[in-house]
Amino acid sequence: MLVEQYGPLHGNMFQIMDENGIILRPDLVPELSDQEWLELYKVMVKTRCADDNALKLQRQGRMLTYAPNTGQEAAQVGSAAAMAEKDWLVPAFRELGAWLLRGVDLEKVYLYWYGNEFGSQFPEHVRVLPIAVPIASQLQHAVGIAMASNIKGEKDVTVAYVGDGGTSTGDFNEALNFAGVFNAPVVFIIQNNQYAISVARQKQTRAETLVQKAVAAGIPGILADGNDLMAMYAATKEAVERARSGGGPTLIEAYTYRLGAHTTSDDPTKYRQDEEVEQWQVKDPIRRMKAYLTKRGVWSEGDDLSLIEQYSQEALEVFRKVEASGETRLEDIFHYHFQETPAHLTEQYEEYVQYLKEVE
Amino acid sequence: MLVEQYGPLHGNMFQIMDENGIILRPDLVPELSDQEWLELYKVMVKTRCADDNALKLQRQGRMLTYAPNTGQEAAQVGSAAAMAEKDWLVPAFRELGAWLLRGVDLEKVYLYWYGNEFGSQFPEHVRVLPIAVPIASQLQHAVGIAMASNIKGEKDVTVAYVGDGGTSTGDFNEALNFAGVFNAPVVFIIQNNQYAISVARQKQTRAETLVQKAVAAGIPGILADGNDLMAMYAATKEAVERARSGGGPTLIEAYTYRLGAHTTSDDPTKYRQDEEVEQWQVKDPIRRMKAYLTKRGVWSEGDDLSLIEQYSQEALEVFRKVEASGETRLEDIFHYHFQETPAHLTEQYEEYVQYLKEVE
Amino acid sequence: MAVMNLISAVNHTLDLELGRDESVVVFGEDVGLEGGVFRATVGLQQKYGEKRVFDTPLAESAIIGTAVGMAINGLRPVAEIQFSGFIYPAYNQIISHVARMRNRTRGRLSLPMVIRMPHGGGIKALEHHSESLDTLLGHIPGLKVVTPSTPYDAKGLLLSAIRDEDPVIFLEPSKIYRAFRQEVPEEDYTIPIGKAKVLREGTDVTVVSWGAYVHEVLKAAELLAEEGISAEVIDLRTISPIDRDAILESVKKTGRFVAVHEAAKSFGPGAELIALVNEGAFLYLEAPPARIAGFDVTIPIPRGEHHYFLDAQRMAYGIRKVANY
Amino acid sequence: MAVMNLISAVNHTLDLELGRDESVVVFGEDVGLEGGVFRATVGLQQKYGEKRVFDTPLAESAIIGTAVGMAINGLRPVAEIQFSGFIYPAYNQIISHVARMRNRTRGRLSLPMVIRMPHGGGIKALEHHSESLDTLLGHIPGLKVVTPSTPYDAKGLLLSAIRDEDPVIFLEPSKIYRAFRQEVPEEDYTIPIGKAKVLREGTDVTVVSWGAYVHEVLKAAELLAEEGISAEVIDLRTISPIDRDAILESVKKTGRFVAVHEAAKSFGPGAELIALVNEGAFLYLEAPPARIAGFDVTIPIPRGEHHYFLDAQRMAYGIRKVANY
Ligand SMILES: Cc1ncc(C[n+]2csc(CCOP(=O)(O)OP(=O)(O)O)c2C)c(N)n1
Ligand SMILES: Cc1ncc(C[n+]2csc(CCOP(=O)(O)OP(=O)(O)O)c2C)c(N)n1
Ligand SMILES: [Mg+2]
Ligand SMILES: [Mg+2]
């Protein structure tokens with residue numbers, strides 16, 4: 001088992017592929033076809049394109065605050081790819097790659113960041129929770145979902161995300177502990193992107209690794225190269241299978257880096273050095289997967305350019321649709337609080353409608 | 001260092017003395033004179049007598065809810081004894097032995113449980129915080145006190161207590177993590193008395209030991225026999241010295257047992273077996289220390305009987321004083337909220353006084 | 001019909017609903033093996049097993065946070081908070097998620113869940129064991145907050161709460177858990193959330209209260225009746241949303257209004273009631289609407305709590321002033 | 001005198017006080033190296049060092065809980081919560097300890113500490129970044145809650161807050177952090193906590209507001225003045241304890257009252273103000289006292305927030321109704 005070699009206290013980071021797309025551990029490469037890897041690669045590229053597009057639009061003043069994913073695509077896509085169809089995904093707020101892979105429309109995602117609640121109204125069959133802004137609070141929902149699977153005797157697994165900053169919260173620790181006690185079929189993925197806004201990972205905790213926080217809850221953990229799609233896939237796969245077969249929760253630390261800003265409101269040059277960013281640029285998860293696929297002969301620079309072209313185009317079109325959606329309708333801010341809207345809310349709504357009529 | 005041999009992941013429990021008062025590790029016996037051990041022993045006995053007395057009074061309907069300490073005296077007295085004069089003690093709510101040792105009057109303690117806030121008004125020189133009812137919330141205060149010592153360049157150490165149940169809270173984990181990050185001179189003592197009301201330790205966490213929760217915060221820890229006064233003293237002493245000399249926080253798990261009920265409102269036979277209690281009675285911390293001191297020739301059964309007699313008598317007298325204190329004065333519930341009582345509070349007070357006059 | 005006190009009515013209702021609907025699960029600290037520190041869940045784990053009735057670790061945020069997840073994944077969790085004063089660690093989950101998930105997802109995810117807890121004081125308990133959360137929960141958009149004042153109501157309201165598609169906070173007045181017994185039908189019945197109940201008709205002044213205080217208010221009304229003051233007593237039953245119409249109807253009849261509550265006065269529930277009365281019945285008012293409330297102090301520990309909690313005499317004193325204004 | 005906006009006034013004041021009193025420490029998420037997400041603390045770590053101005057891990061409960069400990073051990077902590085919507089994980093520490101330590105220990109331990117945070121909305125922020133805590137903090141006995149509406153007030157109130165021997169919550173209206181600049185004296189001055197300020201005198205109706213809304217209310221008053229309605233505008237400045245006398249004095253003059261606030265209407269701060277006006281000036285009232293408030297909904301994310309937040313026109317509409325009643 002991987003958790004035995006790369007567990008919390010071994011200080012080893014699980015890697016399958018190096019920075020140049022060279023396979024270091026052929027024995028551990030998951031059994032996916034080239035075509036399947038390529039599909040995952042495409043989702044990473046799509047994520048990147050959607051990101052780039054959002055940032056461009058934001059600079060044009062057409063998008064509001066946006067939290068970019070650039071650099072973290074493998075951590076997201078690799079982990080989400082290891083899930084079965086009916087499994088649940090519980091995001092933090094920076095998991096675009098995972099969302100796209102799990103069937104959330106980019107349109108929904110853009111709509112959310114554009115500032116409309118309908119961006120969190122996913123279709124019934126998409127078992128993905130909305131963004132959770134209060135850091136780490138979502139992990140408890142993930143544990144509850146997983147506990148319910150157990151209680152109902154269903155075999156679904158829940159995969160949940162949190163950032164390095166989130167590991168300092170009480171909610172993170174309570175969630176892991178509950179998961180352990182109730183043997184909940186849940187996989188926690190820390191996207192350790194080295195920063196919580198401006199606060200460097202070293203200032204979040206004296207723990208040498210974040211995965212060692214699993215020890216507190218008595219659950220297994222694994223430290224994986226979060227920029228290695230194969231490692232993330234393999235680590236998550238093992239954890240998901242353990243969970244599904246009754247083995248309970250696992251904590252995965254995906255060691256990665258946020259290449260961009262925290263959000264579009266943030267200026268990372270205030271708190272980190274360019275050299276650091278450059279060092280991590282070399283480890284770009286997309287770059288190395290592209291090198292791998294190219295070497296395998298299933299992909300080329302030309303393919304890549306036209307894919308990027310296509311995705312960028314699509315992203316822009318999706319955004320145009322979102323932009324055309326305009327403002328939130330007044331009734332929508334009232335009518336979704338309860339199954340039956342209580343009288344006082346209806347009245348507040350009607351009074352406001354009346355006001356709007358009068359001032360027109 | 002003890003933490004190296006008995007640290008979080010070694011699975012060894014640090015013991016110096018066995019259940020019969022036989023020294024197992026002469027090399028580790030702290031350098032205290034027989035007289036000094038005897039003094040600590042006396043505080044344990046005093047604690048037990050105060051407990052017994054409170055329970056008796058409670059059964060007579062003269063005391064309100066009370067949380068007994070019986071069985072946990074060594075964990076409390078041994079740890080508190082390792083502190084220096086100006087160090088801070090931050091209790092949970094079941095630390096009578098530690099309070100008494102640190103100079104809190106039994107009268108205050110009884111007054112508190114009797115239901116009067118003046119029971120938490122300790123003299124200026126007593127650096128002991130009041131009881132904290134919201135479980136584990138006090139640990140953050142302890143860390144803050146310790147951070148302040150660092151900031152001010154003072155050498156005081158803070159010793160804080162929590163129960164096994166408390167280790168499941170978010171606050172516990174946040175406190176340890178802050179302590180690690182800020183290298184706070186604080187020693188956390190888990191009194192693992194095996195139960196949180198009716199919930200057995202095994203149901204609180206899947207972690208094999210509670211001390212392994214230190215790993216999450218990257219701080220050292222040690223598992224000690226909480227019924228062994230010497231082990232508790234030695235473990236705390238080492239931690240306090242490390243903290244004082246800039247080495248930061250330590251977590252100590254005192255493995256012990258609550259021989260009595262959770263509080264006087266509780267019936268432990270509902271959730272645990274008599275045999276279990278009996279097994280732990282054999283490990284009684286007072287019993288074994290008495291055996292040790294007797295063997296050393298500084299104590300006898302006769303001494304013990306008259307000491308118990310004396311302490312029981314004293315406890316009863318203290319309680320009588322407390323009982324005579326009567327009810328809380330009306331003005332006292334208003335006048336301690338702010339340094340200067342705001343107008344609306346004064347008015348509420350006066351209106352009530354007026355009411356009392358009118359209905360008289 | 002069986003005779004029950006409030007706590008046994010809660011126990012009976014949970015039993016009924018666990019038996020009827022297998023998506024119902026009941027959990028919290030000491031809820032399983034021990035059956036709750038107040039015995040609200042006694043016997044339920046034996047009957048329904050550890051999967052459906054269970055103890056949790058000591059972590060209120062996770063108790064509520066996992067309830068959210070369970071509700072999302074098809075269960076109807078009924079979570080117990082051991083005392084209302086220990087809800088605060090879960091406040092983030094309650095405000096940020098319990099109250100908002102449906103609206104956040106524009107109806108995609110609803111949370112049929114109940115958070116129940118002993119509420120209020122007057123039982124000579126330790127600090128933090130006597131808190132009134134009326135305002136702190138009532139002010140949160142997206143929550144329903146109910147509180148029964150009798151065993152009968154406890155059953156009817158709790159069944160409504162568990163069957164509601166939205167989260168309901170169920171506040172159980174611990175002071176009257178065992179104060180009296182009442183006939184409670186064994187069969188299924190519900191009491192609608194959002195409706196108040198006139199407990200005593202009167203013509204001179206409308207008095208609104210809820211929970212344990214209702215019984216003191218009724219006693220106060222008796223005292224006042226002897227003096228010729230006829231108080232109409234309304235049990236709010238639901239703290240949020242408030243049954244404004246019931247209150248206004250009464251105030252329009254009596255012309256006078258008093259709210260009586262345990263929670264601290266400032267920014268308390270009485271303020272909301274007074275505001276509603278102003279908004280809906282100002283021209284009917286013959287005296288300033290008033291509140292008889294807790295002082296703006298931390299609730300004293302036992303030797304001082306009698307100063308804080310109101311008895312019928314003090315209520316009568318305050319109501320009388322309004323009636324005689 | 002320097003010209004400052006509200007955020008630079010906060011920065012300047014913290015600088016002043018860190019310089020003057022070495023027991024003052026400033027901390028929170030992103031407060032040190034970055035100088036705060038709104039730049040409230042920019043430059044302070046460089047100037048005063050990492051011991052006195054520092055970043056914390058991401059854990060609001062511990063930020064407030066350690067502040068309690070620091071205050072006990074002789075410091076004057078000024079803790080920042082990054083946005084008011086992230087206060088909830090610290091709610092237990094605030095209610096159970098910050099507000100109670102002095103009373104619990106009958107004066108033995110006091111907590112001279114400040115919790116400051118950006119407050120309110122209208123800045124097109126993400127969910128949870130626009131919350132109004134007036135009621136949720138104002139209802140807690142033992143807390144003082146203040147909020148400035150100008151750079152000048154920010155300095156004067158923040159100095160009072162830091163020097164207070166008791167805990168003060170300092171709510172900074174983020175909407176007007178950079179809305180306008182004003183002359184702010186470099187020297188030391190304080191504004192008393194608990195005192196409101198009449199911003200505009202008027203005779204027809206008293207309008208009370210605070211924080212960012214004050215400026216919209218003043219605009220509304222202008223609009224109304226054009227119609228011949230003379231509104232007296234009061235900036236509450238301190239949400240708790242409320243300066244009741246200032247309000248009553250005004251209402252006794254105008255006979256009409258309106259509270260205007262961002263927080264949700266039900267159980268909101270307007271209810272408390274209406275109750276106070278009823279209690280203290282009922283016989284002077286010529287119209288039902290009213291509140292113009294947030295809807296009882298979760299504050300919408302950006303594309304809907306204009307429905308929620310009030311502008312001068314809507315305020316004027318509501319005030320006009322009361323004035324013309
Ligand atoms: C409880 C809470 N506190 C503060 C914030 C403000 N905030 C938003 S993101 C963030 C940093 C999160 O860092 P991390 O968990 O590492 O995730 P990342 O942003 O790196 O993906 C903070 C402090 C919040 N959203 N929730
Ligand atoms: C936050 C909170 N939740 C619940 C309670 C109720 N309660 C009081 S003591 C206790 C159990 C504490 O167990 P543990 O931490 O092991 O300490 P012990 O009582 O064994 O000393 C509980 C649940 C509380 N005081 N605070
Ligand atoms: Mg991060
Ligand atoms: Mg315990």
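Numbers restart at 1 for each chain; the letters A, B, ... are given by sequence-line order, proteins then strands.
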Do you know which of [options] has the most heavy-atom pairs with chain D at a distance under 4.5 angstrom?
options: A/T65, A/D266, A/V133; answer: A/V133
options: A/I131, A/D332, A/V199; answer: A/V199
options: A/K270, A/E358, A/E327; answer: A/E327
options: A/E351, A/K203, A/R329, A/H262; answer: A/K203

Under a 4.5 Å heavy-atom cut-off, does chain A meet the side chain of [X], its backbone, both or neither?
X: D/H128; answer: side chain
X: D/F86; answer: side chain
X: D/E305; answer: neither
X: D/P300; answer: both
X: D/D55; answer: side chain
X: D/T298; answer: both
X: D/H129; answer: side chain

Is [X] in contact with chain D via its backbone, its side chain, both, or neither, using a 4.5 Å heavy-atom distance?
X: A/L345; value: side chain
X: A/I135; value: side chain
X: A/H344; value: side chain

Just checking [X]: does its [atom1] atom have more than 12 heavy atoms from other residues, nucleotides or ligands closer to it than 6.0 angstrom?
X: D/E50; atom1: CD; value: no
X: A/E347; atom1: CD; value: yes
X: A/Q202; atom1: CD; value: yes
X: D/K265; atom1: NZ; value: yes
X: A/E340; atom1: CD; value: no

Cation-pi, A/F319 ring and A/R62 (6.0 angstrom, 45 degrees): no
Tell me whether the guanidinium CZ or amine NZ of A/R272 lies under 6.0 angstrom from the six-membered ring centre of A/Y195 and within 45° of its axis.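 Pair A/R272/A/Y195 counts as cation-pi.
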Is the closest side-chain heavy-atom distance between D/L273 and D/R291 below 4.5 Å? no
Validation row: A/F188, A/L139 side chains within 4.5 angstrom (heavy atoms):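 They are in contact (side-chain heavy atoms under 4.5 Å apart), so the answer is yes.
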For the residue pair D/Y91 and D/Y88, categorise the inter-ring angle as parallel (less than 30°), tilted (30 to 60°) or perpendicular (more than 60°). perpendicular
Report, by ascending residue number, the residues of residues 317-324 of chain D in heavy-atom contact with chain A at a distance under 4.5 Å; give 'none' if the set is empty. D/Y317
Grab the two heavy atoms, one from A/F122 and one from A/V128, that are nearest each other, plus how far apart they are. CD1-O, 3.1 Å
Are the aromatic rings of A/Y352 and A/Y355 close, with centres under 6.0 Å apart?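 Aromatic pair counts; centres sit under 6.0 Å.
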Assess the side chains of A/D171 and A/T169: does a donor N or O sit below 3.5 Å from an acceptor N or O?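 The criterion, which ignores hydrogens and geometry beyond distance, is not satisfied for A/T169 and A/D171.
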